[in-house]
Colleague: 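This is the structure I have questions about; it appears just below.
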Amino acid sequence: MAKKKRYNGNDQRLAREISLQSLFCLFNTSDPNFIADSLFKRKSELEALTKSNLNSGDLIDLLRMFINVYNLKNSNKRSQLLAITHSEEFVNNIKHFLQCNINSKYLKEAIDLIMYFVDVNINELPISDVCYNRFYSLLKVLNDVLADDNISYHYWTHELCLLLQKKIIHREQTKHSWKDLNIYPCPVDLFEKKDIMPNKINGAYKNTDEYLDTIFKLLKEDYEGSLREGILQMKAELRGARTTEKEILVYNNINIERIETDEKPMNGIIHRIAFSIGDKENQLVNTNKPLKYGSLLLFSQCSQFTTFHLATVVEDVELQNTEGSSYKVLKVSFVDNLSQIKSYWQYTMLESKKLFKPYYEVLHAIQSKSIDNFPMEKYIVYLDTTPCFPKYLSTTTEYKIDCKSIKLFSNTSWPNDLLNLDPSQVEALRAALTHELVLIQGPPGSGKTHLAQKIIDILIDNKGLLSTPILLISSDNYSVDVILEPMVLKERNVIRLGSQTKSSVLKKNLLNNKLKPCGRDIKIKIERIKESLMRKMNENGENIEKLIDSLKKEQTSYRKMRDENFALQILSTKVDVIGGTTAGCARLNHLLEKVQPEVVIVENANDVLEAHVIAALSEGCKHLILIGDHKQLKPYISNRNLENYDLDVSLFERMMRSGMKSCVLKEQHRMRPEIASLLSPTVYQIMKYHPAVRNLPKIRGMERNMFFINHEVAENKKKDEDNSFSNSYEGDLLLGLANYLLLQGYSTNDITILVPYAEQLKYMIRAAKTYPLLKDVEILTIDIYAGRENTIILLSLVRSQSAGIGFLSNNNKIVVALSRAKSGLYIIGNMKTLMSGSDLWVSLNAVLKKKQAIGRSINLECEAHKTIIAVSKTEDFKLSEWGRCGLQCNLPLKCGHVCKLKCHPLLEKHATYICRQPCSRFCEKNLHKCRKKCYEECGQCNELVAAVLPCGHSTKKKCGDHKDQKVICAEPTIVSVLCCLRKVVPCWESNSCFYRKVEGPI
């Protein structure tokens, strides 16, 4: 047995070298990180101090000073410093103080400080019965000295004691299998140090059990870590700290209005809750933001949330207004311990900003996996990169492709121009059809989505070898819809999982719209159990466990029957493709296990978490095609600390790192070469250009098709509670540029504005309302726009004159931001700041300078006059009414005159222009010039010309009169009447039977 270390007089002197007075000054500095760094330098001295015999005043000072350590954002530094206070000597110091100072003037403040000390350290204690019991005994002493009327602290110590007891009981929980762990977080999960294995990215796993255990626990910790951090932030605020990056929202004074049932068979008993909003106690609540279905809520009577009840949101019902107060009403479903939920209690409620339901569905799907028949085990678990062909093929298999019969495994049967694909796409297509697991990697715009569509088409056209539908998955709805829409238009038999599609084409192909429901009898039985359970709960809430078990049993039966029915319909109706997001597939995991898709295609596989891919694979999977680009976005994770555990490494990237050969698409079909030059060879060594991108039209109204506006205007001052950033200068300038481009004849569908931060997004959406033309222009974050493209991209980088550049130092995000534009890319940022945080920006700056595409102002070019206008601020866009140079147009019109308007966009203005100059056209006989205005119809020529009439007289008539048009001659003519009298009449009248013409003068 190791001897206990004793501190002698020299140790005592060493402890005193770090005086309490100097510590007090140190802890009063404003920067907690400076405190931590200073303490780390004198860590041994601090440890000696905590183990020395401290008097009451020194102990209180030390506990008071440690509050700054509790509030440190850096969890590693916080843990290392707090570990110093876990010693038996320091805990005994606190116990001795409590026992000897029951009536001391220090006691009231000391109890607050000791409660904070215990509460914070419970989350930091190593997994050890010795440490647990040490702090448990401290709580017992603390509880004994509390005054009887101090109910809140008695409750708090009681909760902490319960938590320590649970920690002792569950001390071995970290050794439990992934199969046995509860998916829902419990207090032990949130207030216990985790010993988690990292994702193995450079080697094989021992077996499937170790593999599934690792990815399950990493994903579980991804959610719990952010929730844990949120609770710690809330506790820090209760201690007076100011925090940023809030992970949770806090709602106080929650009342349970009533208990009711829900018509959906898979929902349990519903509790209807209500709470006031907009008051000081709920100032964090955004009343316009509904709580999402499936969001996880924590309810506790203790504001410290040492113990809690869990519930999920069923429905955000309404906003009620009564007597000047507003109330939010929710329907929630408690996860367990229904008998402990009391309607007459008031609760504090926490809402995690991270949506829990996708985590739950994926974790639940993983737990349903069998280690005995795990799909693609050879590759995924044991990293055997030797390619094999899918088990449903043979070496003699032939496919009908592009009206040609092609032997899949023949080296001479594959033409290079197949399906109008480029050679690298043909090679990738061949690998996709012949390899059991294939990786297809392509730079932005290289036709990955187009290739995925071709692969699916070929598999459907040759589906005699497949007995089940193809499964298409991706991390986002847009990527799924883009591939499935053409399938529906080709009258393929498609089923779209989930309900979040924005495609009107796919609405009728949604699962519930395509298939017929079943299970009416079980639904009735479930409803009756719910009613019985509700009656019991309204009476006394006791002895309800059997009813709850019965309800769960019937719900399981209903789900099985529903899935079997849907699977039967899918297989019997010969569905070609099933498509959905990874979260949607995980939710319907039991259905997919019954359908057993043999081919699974993962689109944008680079940004899909490995656990999400595994959740979608059924035991029947024989062919896995991963399409993506590991140099673009990585999978999103909530807990950034897990980057150190490689949770953000996708299956796609892990297989590439492990040496599996990938098919690389080399020809770029999106960006004009000058835009693509930002990425090649800086990021992609080989990038060829399809002829079409070399002939893209020049951007109207701009001197250059690509430009970086370099500035030094500082970003906006960050709000204390916000970790996002904005830059109003950049936002205003890009909005002015977008408005200018619309005036050049571009449509709102041609332009997208991208930003890296949510705060900049909010600012620009608000500011865009001052520009009527920008109403329908998309303003989005870079991450959301991944996988999409547009004619013109305007990119705001925000960070300027800041200590760091955040995730703009992430090469993957930079690649996505710079590769969305087809014809025009206009960027605004502070290049000096950007280069200070990333070597890639240094390379990009060199490329931009070489192309003379960076400067303090961007040049607009008048299409008509080729005049150049330099713009560096929003006011510079105040040009002519139509966003042009302001000179007179003077361009020739169709009529031959010149346009007298001020310079304007040419496309529509000349078509509707009213020319008011004298008409320059001549009549049909080309004798007379038109006397009207140019815009007026010339009509018939009204000039008088000489004409000889049939009667022999001469007259004048309008030039435009037709030859056969009858003219009445009014020339005086002598006629004789029957009585031989002479008379003068108009010529036209002389032809009367009563007259006879007489020759001679009148």
Side-chain angles (χ1 to χ4, degrees), residues 179 183 262-268 294 357-358 360-375 391-392 460 463 466-473 480 484 492-499 506 508-530 548-601 612-623:
K179 278 277 189 183
I183 295 173
D262 187 270
E263 61 181 12
K264 295 179 181 177
M266 295 307 292
N267 286 341
K357 193 162 184 62
Y360 177 84
E361 301 294 0
V362 173
L363 290 170
H364 188 263
I366 292 174
Q367 280 190 329
S368 70
K369 301 297 176 187
S370 169
I371 61 174
D372 298 323
N373 195 18
F374 186 71
K391 291 181 175 60
Y392 60 85
I460 293 173
K463 66 180 179 181
L466 296 173
S467 58
T468 60
I470 299 161
L471 177 62
L472 169 71
I473 63 173
V480 176
L484 290 186
R492 306 290 198 188
N493 194 353
V494 172
I495 285 183
R496 174 67 160 89
L497 303 180
S499 59
L506 292 172
K508 64 179 183 298
N509 292 82
L510 294 177
L511 180 70
N512 291 329
N513 294 340
K514 192 98 171 172
L515 305 180
K516 297 176 182 178
C518 69
R520 183 174 177 274
D521 292 340
I522 296 182
K523 284 183 182 179
I524 294 172
K525 196 171 182 179
I526 288 172
E527 195 58 39
R528 287 173 180 168
I529 296 172
K530 286 183 182 179
I548 292 173
D549 291 341
S550 297
L551 178 61
K552 289 179 179 178
K553 183 179 177 181
E554 293 300 331
Q555 287 176 329
T556 302
S557 299
Y558 170 75
R559 191 202 68 228
K560 286 182 178 179
M561 178 181 287
R562 179 197 63 190
D563 292 343
E564 287 172 1
N565 173 57
F566 280 172
L568 184 63
Q569 291 184 64
I570 288 170
L571 295 173
S572 63
T573 56
K574 303 294 184 183
V575 170
D576 295 320
V577 189
I578 300 173
T581 62
T582 52
C585 291
R587 180 172 57 85
L588 295 167
N589 166 67
H590 295 286
L591 170 61
L592 294 177
E593 282 293 349
K594 295 186 183 303
V595 174
Q596 299 274 300
E598 294 160 288
V599 180
V600 178
I601 300 175
H612 285 230
V613 176
I614 300 308
L617 300 183
S618 68
E619 291 182 1
C621 178
K622 298 175 183 176
H623 192 177

Colleague: To the nearest 0.5 angstrom, please state how far the CD atom of Q596 sits from the NZ atom of K622.
Modeller: 9.0 Å

Colleague: Pair I495, L515 - check side chain to side chain contact (heavy atoms under 4.5 Å, CB included), show working.
Modeller: CA-CA 9 Å; I495 285 183; L515 305 180; 4.1 Å; yes

Colleague: Okay, side chain of N513, backbone of K508: is any donor-acceptor separation there less than 3.5 Å?
Modeller: no

Colleague: Inspect the surroundings of NZ in K179 and state if more than 12 heavy atoms from other residues, nucleotides or ligands are less than 6.0 Å away.
Modeller: yes

Colleague: Side chain of N509, backbone of V494: donor and acceptor closer than 3.5 Å?
Modeller: yes

Colleague: How long is the gap from CD1 on I614 to SG on C621, to the nearest 0.5 Å?
Modeller: 9.5 Å

Colleague: Determine yes or no for a side-chain-to-main-chain donor-acceptor pair under 3.5 angstrom, with N589 supplying the side chain and I366 the backbone.
Modeller: no

Colleague: What are the two closest non-hydrogen atoms of L617 and P375, and how far apart are they?
Modeller: CB-CG, 3.7 Å

Colleague: Dump the intermediate steps for side chain to side chain contact (heavy atoms under 4.5 Å, CB included) on I183 and Q367, then the final yes or no.
Modeller: CA-CA 9 Å; I183 295 173; Q367 280 190 329; 3.5 Å; yes

Colleague: Below 4.0 angstrom, N of the basic side chain to O of the carboxylate: do E593 and K369 qualify?
Modeller: yes

Colleague: Heavy-atom distance under 4.5 Å between the side chains of R562 and F566, does that happen here?
Modeller: yes

Colleague: Do T468 and E598 have side-chain N/O donor and acceptor atoms under 3.5 Å apart?
Modeller: yes

Colleague: Looking at residues at least two apart in the chain, or sitting in another chain, which of them share a side chain to side chain donor-acceptor pair (under 3.5 Å) with T582?
Modeller: H612

Colleague: Compare every heavy atom of Y558 with every heavy atom of C518, then report the nearest pair and how far apart it is.
Modeller: O-CE1, 3.8 Å

Colleague: Find the distance between CG (L592) and CD1 (I578) and round it off to the nearest 0.5 Å.
Modeller: 6.0 Å

Colleague: Grab the two heavy atoms, one from L471 and one from P597, that are nearest each other, plus how far apart they are.
Modeller: CB-CB, 3.8 Å

Colleague: Answer yes or no: is there an ion pair linking E361 with K357, defined by an N-O contact shorter than 4.0 Å?
Modeller: yes

Colleague: When rounded to the nearest 0.5 angstrom, what distance separates CD1 in I460 from NZ in K463?
Modeller: 7.0 Å

Colleague: May I ask you to decide if the ring planes of H590 and H364 are parallel, tilted or perpendicular, using 30° and 60° as cut-offs?
Modeller: perpendicular

Colleague: With a 4.5 Å cut-off on side-chain heavy atoms, are I601 and I473 touching?
Modeller: no

Colleague: When you look at NZ of K514, are more than 12 heavy atoms from neighbouring residues, nucleotides or ligands closer to it than 6.0 Å?
Modeller: yes

Colleague: Looking at K530 and N267, would you say the former's side chain and the latter's main chain have a donor-acceptor pair under 3.5 Å?
Modeller: yes

Colleague: Quick check: do D576 and P469 have side-chain heavy atoms less than 4.5 Å from each other?
Modeller: no

Colleague: If you round to the nearest 0.5 Å, how far is NZ of K560 from CD1 of I522?
Modeller: 11.0 Å

Colleague: Quick check: does any side chain N or O of K574 sit under 3.5 Å from a backbone N or O of S467, one acting as donor and the other as acceptor?
Modeller: no

Colleague: If every non-hydrogen atom of P517 is compared with every non-hydrogen atom of N565, which pair is closest and at what distance?
Modeller: C-ND2, 4.1 Å

Colleague: Tell me whether M266 at atom CE has more than 12 heavy atoms from other residues, nucleotides or ligands lying less than 6.0 Å away.
Modeller: yes

Colleague: So, the side chain of Q555 versus the backbone of I526: is there a donor-acceptor pair under 3.5 Å, distance only?
Modeller: no

Colleague: State, to 0.1 Å, how close A615 and V362 come at their nearest heavy-atom pair, and which atoms those are.
Modeller: CB-CG1, 4.0 Å

Colleague: If we only count heavy atoms from C-beta on, is the R492 to V577 side-chain gap below 4.5 Å?
Modeller: no

Colleague: Working note: L511 + L588, criterion side chain to side chain contact (heavy atoms under 4.5 Å, CB included); need CA distance, chi angles, decisive distance, verdict.
Modeller: CA-CA 11 Å; L511 180 70; L588 295 167; 3.9 Å; yes

Colleague: Which value, rounded to the nearest 0.5 Å, describes the distance between S368 atom OG and L363 atom CG?
Modeller: 11.0 Å

Colleague: Tell me, please, which residues at least two apart from R559 pass salt bridge (charged side-chain N to carboxylate O under 4.0 Å, His left out).
Modeller: D563

